[in-house]
**Q** 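First the structure, then my questions, so here it is.
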Amino acid sequence: MTGEPESARTLITGANGFVGRHLIAHLLTAGEAALGETTSSPHIFAAVLPDQVEALTCYAGETFGVNGWQGGAAGGRITVVGLDLNAPETLPELFARTRPQHVYHLAARASGADADRDAVFAANVTGTRSLLEAAAELTLFPRVLLASTGYVYGDTAPDRPAREGDPIGPLWKFGAYADSKIEMETMARAYRGLTLLARAFAHTGPGQAPVFATPGFARQIARMERGLEPPILHVGNLDARRDMLDARDVVRAYVQIMQKGTPGEAYNVALGHPVAMRTILDGLRALASVETEIEIDPARLRPADIACSTGDPSRLERLTGWTPRYDLTTTLRDTLDYWRGQA
C-alpha cells in the first residue's frame with residue numbers, strides 16, 4: 001500500500017456520441033472536482049463500439065465550447081475502450097478491468113424518428129440491463145447515471161411542466177424511443193441502489209446529427225449560404241413545443257446529478273418554458289445570410305409526435321443550484337456556425 005488516494009475512474013458509454021463528446025470536454029475542463037473530489041489523477045474511460053476505438057474524434061476548437069479536445073488520450077487522462085451492449089458476456093470483464101466509480105450511460109438509440117422498435121429496445125432496455133448487471137457485480141457499486149428523457153411524461157401542458165412525481169407513460173402512444181425509456185426506467189428500479197435517472201428534455205447544439213430538427217434546419221441554411229441548395233427549407237411539424245436546452249448545459253447538469261443526486265431518484269433536466277419549433281426555425285432564419293422560404297415535407301412529420309414537452313427543473317435547482325448558461329440565440333448561432341464549418 002502506498003497510502004496515496006486511488007485514482008478517480010469515470011466510464012462514459014456512447015462516448016463518441018453528440019452528448020458524450022460534450023460531456024468529456026466538460027469533465028476535462030472541470031477537472032478533479034467533477035471527476036471525484038477526494039482523489040488524484042482522475043481518469044476517463046471512453047467506451048465506444050469496438051470497431052470505433054481508433055476513430056474516436058470530437059469537433060475541434062474553442063468555437064463550440066469544447067475547450068480544444070479533439071478526441072484521443074488528452075494528456076493521458078482518457079483511455080478509449082470497446083463496449084458492445086449486444087455482447088453482454090463481455091461487460092463483467094470490462095467493469096472488473098476499469099472498476100469505475102462513476103458511470104454515465106449515454107449509449108442508446110436516440111432518434112425519436114427511429115422506427116425499428118426491436119433495435120431501439122435492444123439498445124435502450126436490454127443493453128442497459130446488461131450494463132447494470134455488470135456494474136452490480138463490483139464489490140463497490142459505482143454510481144450509474146442513466147440518460148432518460150422528458151418524453152417519458154408524454155404530452156405535457158405548457159403552463160404545467162412535468163414533475164418527477166408525475167406518472168410516466170402511457171406506452172404505445174408516442175413511439176419506440178419514448179416507450180423504450182419508460183421500460184428502461186421500470187427495469188432500473190431493480191438497481192435503485194446504484195442508479196440515478198436524468199430525464200433530459202430536448203437539447204441541441206454544435207455537433208448534433210441533422211436527423212434532429214434543429215441541426216437539420218441549420219445544415220440546410222449553411223448549405224444554402226454556400227449555394228449548394230435552393231433557399232427552400234424543408235420542415236416538419238412547426239407547432240410542436242419543446243423545452244430546448246443546450247447540450248453543454250445538459251452535461252453540466254449530469255455531472256451535478258452524479259455528484260449530489262440520491263440513487264433511485266429521478267431528476268428533470270429542463271427549462272419549464274417550451275418554445276414552438278417555429279420559433280426555433282425563425283431564430284435560425286434570422287441568423288442566416290440568405291433569404292429563405294419554408295416548405296412542409298410530409299416525410300418529416302411524425303405520426304406519434306408529442307405536442308408539448310416541458311419539465312419542472314425545481315428538484316435539480318434546489319439540489320445543485322444548476323441553471324442554464326446558454327440562451328437560445330447563442331445555441332442556435334453556435335449550431336449554425338458548426339454547420340457552416342463543415343465541408
**Q** Just verifying a value: how many Å separate R242 CZ and T204 OG1, rounded to the nearest 0.5 Å?
**A**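 So the CZ of R242 and the OG1 of T204 are separated by 13.0 Å.
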**Q** Considering all heavy atoms of both residues, which atom of I78 and which atom of A46 are nearest to each other, and what is their separation?
**A**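 So the two residues come closest at CG2-CB, 4.0 Å.
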**Q** So L131 and H105, side-chain contact (heavy atoms from CB on, under 4.5 Å) or not? Walk me through it.
**A** CA-CA 9 Å; L131 180 126; H105 182 41; 3.9 Å; yes
**Q** Which atoms form the tightest heavy-atom contact between C308 and A157, and what is the distance?
**A**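 For C308 versus A157, the nearest heavy atoms are SG-C, 4.4 Å.
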**Q** Without swapping roles, check the side chain of E164 against the backbone of N268 for a donor-acceptor pair under 3.5 Å.
**A**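 Judged by distance alone, yes, a pair lies under 3.5 Å.
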**Q** Between E183 and L171, is any pair of side-chain heavy atoms under 4.5 Å apart?
**A**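 They are in contact (side-chain heavy atoms under 4.5 Å apart), so the answer is yes.
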**Q** Are M277 and D239 close enough, and set up right, to give a side-chain contact (heavy atoms from CB on, under 4.5 Å), and what steps lead you there?
**A** CA-CA 6 Å; M277 294 306 299; D239 294 324; over 6 Å; no
**Q** Can you sort out the partners of D246 under side chain to side chain donor-acceptor pair (under 3.5 Å), two or more places apart, ordered by chain and number?
**A**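 D246: side chain to side chain donor-acceptor pair (under 3.5 Å) contacts with R248, T331.
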**Q** Walk me through whether V255 and Y104 qualify under side-chain contact (heavy atoms from CB on, under 4.5 Å).
**A** CA-CA 9 Å; V255 171; Y104 293 89; 3.6 Å; yes
**Q** Has the side chain of K181 got a donor or acceptor atom that lies under 3.5 Å from a matching backbone atom of A147?
**A**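 Here the side-chain-to-backbone pair exists.
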**Q** Report the residues that fulfil ring-ring contact (aromatic ring centres under 6.0 Å, His included) with F45, sequence neighbours left out, ordered by chain and then residue number.
**A**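 Applying ring-ring contact (aromatic ring centres under 6.0 Å, His included) to F45 gives H43.
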**Q** For the pair D166 and R163, find out whether any cationic side-chain nitrogen is under 4.0 Å from an anionic carboxylate oxygen.
**A**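 No, this pair does not count.
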**Q** Mind telling me whether Y177 and Y151 have parallel, tilted or perpendicular rings, with 30° and 60° as the class edges?
**A**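 Perpendicular.
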**Q** Within a radius of less than 6.0 Å around CZ of R325, do more than 12 heavy atoms belonging to other residues, nucleotides or ligands occur?
**A**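 Incorrect, the count does not exceed 12.
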**Q** Do I257 and T320 have side chains that approach each other closer than 4.5 Å (heavy atoms only, starting at C-beta)?
**A**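 Side-chain contact under 4.5 Å: no.
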**Q** Go through L245 and L271 one step at a time and tell me if the side-chain contact (heavy atoms from CB on, under 4.5 Å) criterion holds.
**A** CA-CA 7 Å; L245 292 145; L271 294 176; 3.5 Å; yes
**Q** Is the backbone of F217 close enough, under 3.5 Å, to the side chain of W339 for a donor and an acceptor to pair up by distance?
**A**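 No; zero donor-acceptor contacts below 3.5 Å.
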**Q** Flag the pair T128 / V125 as yes when at least one side-chain heavy-atom distance between them is below 4.5 Å, and no otherwise.
**A**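 No. Closest side-chain heavy atoms not under 4.5 Å.
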**Q** Once rounded to the nearest 0.5 Å, what's the spacing between atom OH of Y153 and atom CZ of F201?
**A**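 Those atoms lie 5.5 Å apart.
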**Q** Tell me every residue that passes side-chain contact (heavy atoms from CB on, under 4.5 Å) with D327, counting only those two or more places apart in sequence or in another chain.
**A**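 With neighbours one apart ignored, the set is T329, T330.
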**Q** Given side chains that start at C-beta, do those of P313 and Y267 come closer than 4.5 Å, heavy atoms only?
**A**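 No, too far: nothing below the 4.5 Å cut-off.
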**Q** Considering only residues two or more places apart or on different chains, which pairs with a residue in residues 188-207 satisfy salt bridge (charged side-chain N to carboxylate O under 4.0 Å, His left out)?
**A**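 Salt bridge (charged side-chain N to carboxylate O under 4.0 Å, His left out) check on residues 188-207 returns E185-R199.
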**Q** Should T214 and M244 count as side-chain neighbours, where that means a heavy-atom distance under 4.5 Å?
**A**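 Sidechains of M244 and T214: in contact.
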**Q** Say you draw a straight line from CD of E265 to CG of L197; how long is it, rounded to the nearest 0.5 Å?
**A**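 Answer rounded to 0.5 Å: 9.5 Å.
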**Q** Could you pull out all residues at least two apart from S314 that satisfy side-chain contact (heavy atoms from CB on, under 4.5 Å)?
**A**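 S314 satisfies side-chain contact (heavy atoms from CB on, under 4.5 Å) with D312, R318 once adjacent residues are dropped.
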**Q** Within the 4.5 Å heavy-atom criterion, are L11 and H102 side-chain neighbours or not?
**A**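 Not touching, per the 4.5 Å side-chain cut-off.
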**Q** Quick one: list whatever passes side chain to side chain donor-acceptor pair (under 3.5 Å) with D297, sequence neighbours left out.
**A**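 Once residues adjacent in sequence are excluded, the partners of D297 under the side chain to side chain donor-acceptor pair (under 3.5 Å) criterion are R300.
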**Q** Under 3.5 Å, which donor-acceptor pairs link side chains of residues 132-145 to any protein atom two or more places apart or in another chain?
**A**
{"unit_1": "R143", "atom_1": "NE", "unit_2": "M258", "atom_2": "O", "d": "2.8"}
{"unit_1": "R143", "atom_1": "NH2", "unit_2": "M258", "atom_2": "O", "d": "2.8"}
{"unit_1": "R143", "atom_1": "NH2", "unit_2": "G261", "atom_2": "O", "d": "2.6"}

**Q** For E295, what residues pass the side-chain contact (heavy atoms from CB on, under 4.5 Å) criterion, not counting sequence neighbours?
**A**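 Once residues adjacent in sequence are excluded, the partners of E295 under the side-chain contact (heavy atoms from CB on, under 4.5 Å) criterion are I232, H234.
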**Q** Determine whether L28 and V81 fall in the same hydrophobic cluster, where Ile, Leu, Val, Met, Phe, Trp and Tyr are linked whenever their side-chain heavy atoms lie under 4.5 Å apart.
**A**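 No; V81 is not reachable from L28 via cluster members.
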**Q** Within 45 degrees of the axis of the six-membered ring of W172 and under 6.0 Å from its centre: does R117 put its NZ or CZ there?
**A**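 Verdict for W172: a cation-pi partner in R117.
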**Q** Taking N16's backbone N and O only, do any of them form a donor-acceptor pair with R21's side chain (distance below 3.5 Å, no angle check)?
**A**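 Here the side-chain-to-backbone pair exists.
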**Q** Quick one: side chains of residues 83-93, donor-acceptor pairs under 3.5 Å with protein atoms, not counting sequence neighbours, listed by atom name and distance.
**A**
{"unit_1": "D84", "atom_1": "OD1", "unit_2": "N86", "atom_2": "N", "d": "2.9"}
{"unit_1": "T90", "atom_1": "OG1", "unit_2": "A87", "atom_2": "O", "d": "2.7"}
{"unit_1": "E93", "atom_1": "OE2", "unit_2": "R97", "atom_2": "NE", "d": "3.1"}

**Q** Looking just at side-chain N and O atoms, do T310 and H273 make a donor-acceptor pair shorter than 3.5 Å?
**A**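 T310 vs H273: no donor-acceptor pair found between side chains.
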**Q** Ignoring hydrogens and geometry beyond distance, is a side-chain donor-acceptor pair present between R285 and T292 at under 3.5 Å?
**A**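 Checked: R285/T292 side chains pair up, N/O donor to acceptor below 3.5 Å.
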**Q** Under 3.5 Å, is there a donor-acceptor pair between the side chain of R315 and the main chain of A266?
**A**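 Judged by distance alone, yes, a pair lies under 3.5 Å.
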**Q** Once side-chain contact (heavy atoms from CB on, under 4.5 Å) is applied, do any residues pair with T126, and if so which ones, sequence neighbours excluded?
**A**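 With neighbours one apart ignored, the set is R129.
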**Q** What I'd like to find out is whether the side chain of L106 reaches to under 4.5 Å of the side chain of L23, using heavy atoms alone.
**A**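 Yes - at least one pair of side-chain heavy atoms lies under 4.5 Å apart.
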**Q** Just verifying a value: how many Å separate I44 CD1 and T79 OG1, rounded to the nearest 0.5 Å?
**A**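 Reported to 0.5 Å precision, the distance equals 9.5 Å.
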**Q** May I have all residue pairs that pass salt bridge (charged side-chain N to carboxylate O under 4.0 Å, His left out) and include part of residues 204-218, sequence neighbours excluded?
**A**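 Sorted result for residues 204-218: empty, none.
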**Q** To the nearest 0.5 Å, what is the distance between CD1 (I280) and CG (L238)?
**A**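 These two atoms lie 10.0 Å from each other.
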**Q** Please name all residues satisfying salt bridge (Lys or Arg N to Asp or Glu O under 4.0 Å) with D155, sequence neighbours left out, ordered by chain then number.
**A**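 Per chain and number, D155 pairs via salt bridge (Lys or Arg N to Asp or Glu O under 4.0 Å) with no residue.
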**Q** State plainly whether one hydrophobic cluster holds both V269 and I24, where clusters connect Ile, Leu, Val, Met, Phe, Trp and Tyr through side-chain heavy atoms under 4.5 angstrom apart.
**A**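 The answer is yes; both residues are in one hydrophobic cluster.
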**Q** From L284 CG over to L332 CG, what is the distance, rounded to the nearest 0.5 angstrom?
**A**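 Answer for the CG-CG pair, L284 versus L332, is 4.5 Å.
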